[in-house]
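What follows is a single structure, written as structure tokens, with notes after it.
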Amino acid sequence: MHETAIAMSIVETVLTEAEKQQAVSVQSIDIEIGELTFLGTDQIAFWVKTNFENTIAANAALNFIQVKAEVSCDACGYRGGLSITEDPAYHMQLPVFACPHCGRGTITIIKGKDAFIRTIHIEKE
Amino acid sequence: MKTIKTANGRSIEIALDKSLYNKNEAIASINRRLLEEHGIKAVDILGSIGSGKTTITGCMAEILGKKKAVAALAGDITTTIDADRIREKGAEVLQINTDGGCHLDANMVKNALPMFDLEQLDILLIENVGNLICPGGYPVGAQQRMVVVSTTEGPYMIVKHPYIFKDASVVAINKIDLAAAMEVDLAQLKADALTIKPDIRVVFTNGRTGEGISELIAALGLTD
């Protein structure tokens, strides 16, 4: 349940910032989630809201922004999305961790591995 | 910072752009540097509960221990069972109990590293908590990652958890002696791993007999 660790980090960051700004309420939080983090937004929302109860962020709206994975290839210079293999045997799509252009494994994941608190909206008196 | 006047006061937008993972990444980099300064090769060993991580770690420690100074970190939710099993194979072992945590993180490993004599150490095997999802986002500072999957987990373990393989260089397909009984096709499991990560090195192992462990050690480049 890696969502709890991420949720607690969001709660702590938002409440610390809101206190620093002497906010009276937190209205909304924009959270960016990378595709490769495998984080479930429903679970994050549940844990964040639970821990915001009885705080100035109790009514904060959580806006999740999903970010697709992006890689760069050291061998051929490709930069872009990962390729996805559709396997009819499994009726599912598999990400392929190799360069979609030259096929080599010399890729660096440049997007989609991280999660961010991008912006928060607070209200001050 | 953008400020908008509202009926009750001021609404302010604050751009935080705070990564929720970079604290772990930063500590993992410190660990990696410390290990490299001491010439220590470290492997983060991932796999489901019951895949055979501890048995394989013990087998590797036993073989590697004949020529090198090997230590292990055993990550677990509770108990010292895993650490005791690896210690029987002759390696120095430290247990990290996560108290319910579903993965090791870089900070836990950072706190554990000073407990070893790093000057003397050649190889550190880090057995992560049994889980194919959560540890994926938490590098601990090891130079390599290995995933252990076993035939008793059924035929779909690899395709159902593709993201755990993104940073792995080696996959051990374990309990090959039980493949027929489990009606698991070993060639298909290997093909699944290579579909997801074409340059991953696949080794078939049997932790009970030690079959494939030398090949696994070679695939991880731990023989030099």
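Chain identifiers are assigned alphabetically (A, B, ...) following the order of the sequence lines, protein sequences preceding nucleic acid strands; residue numbering begins at 1 within each chain. All of these numbers come straight from a predicted model, not from anything done at the bench.
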More than 12 heavy atoms of other residues, nucleotides or ligands under 6.0 Å from NZ of A/K49: yes or no? yes
Here the gap from A/M8 atom CE to B/L20 atom CG, rounded to the nearest 0.5 Å, amounts to 12.5 Å
A/E12, CD: over 12 other non-hydrogen atoms inside 6.0 angstrom: no
Can you tell which of B/I196, B/D199, B/D105, B/I133 has the highest number of heavy-atom pairs within less than 4.5 Å of chain A? B/I196
Check the pair B/K18 / A/E17 against side-chain contact (heavy atoms from CB on, under 4.5 Å), numbers first and verdict last. CA-CA 11 Å; B/K18 184 190 155 63; A/E17 183 65 25; over 6 Å; no
Which region of B/D167, side chain (C-beta onward) or backbone (N, CA, C, O), has a non-hydrogen atom less than 4.5 Å from a non-hydrogen atom of chain A, or is it both or neither? side chain
Just verifying a value: how many Å separate A/K113 NZ and B/S19 OG, rounded to the nearest 0.5 Å? 11.5 Å
Using 30° and 60° as the class limits, which term best fits the ring planes of A/F97 and B/Y163: parallel, tilted or perpendicular? perpendicular
More than 12 heavy atoms of other groups within 6.0 Å of A/H101 NE2: no
Portion of A/I10 that has a non-hydrogen atom of chain B nearer than 4.5 angstrom: both
Got a sec: does the CD of B/E37 have more than 12 other heavy atoms crowding it under 6.0 Å? yes
Which heavy-atom pair separates A/T119 from B/A15 by the least distance, and what is that distance? CG2-CA, 3.7 Å
So for atom CZ, which belongs to A/R79, do other residues, nucleotides or ligands contribute more than 12 heavy atoms lying within a distance under 6.0 Å? no
Residues A/H2 and B/Y21: closest non-hydrogen pair is CD2-OH, 4.3 Å
Show the nearest heavy-atom pair for residues A/V96 and B/T195, with the distance to one decimal. CG1-O, 3.4 Å
Scanning both residues in full, the closest heavy-atom pair of B/E13 with A/H121 reads OE1-NE2, 3.0 Å
Does any non-hydrogen side-chain atom of B/D17 lie less than 4.5 Å from one of A/R118? yes
To the nearest 0.5 angstrom, please state how far the CD1 atom of A/I117 sits from the CD1 atom of B/I14. 11.5 Å
Can you tell me if CD on A/E19 sees more than 12 non-hydrogen neighbours from other groups inside 6.0 Å? no
Side chain, backbone, both or neither: which part of A/I109 has a heavy atom under 4.5 Å from chain B? side chain
Please determine whether the number of non-hydrogen atoms from other residues, nucleotides or ligands lying under 6.0 Å from atom CG of B/L178 exceeds 12. yes
Above 12 or not: heavy atoms from other molecules or residues under 6.0 Å from CD1 of B/I81? no
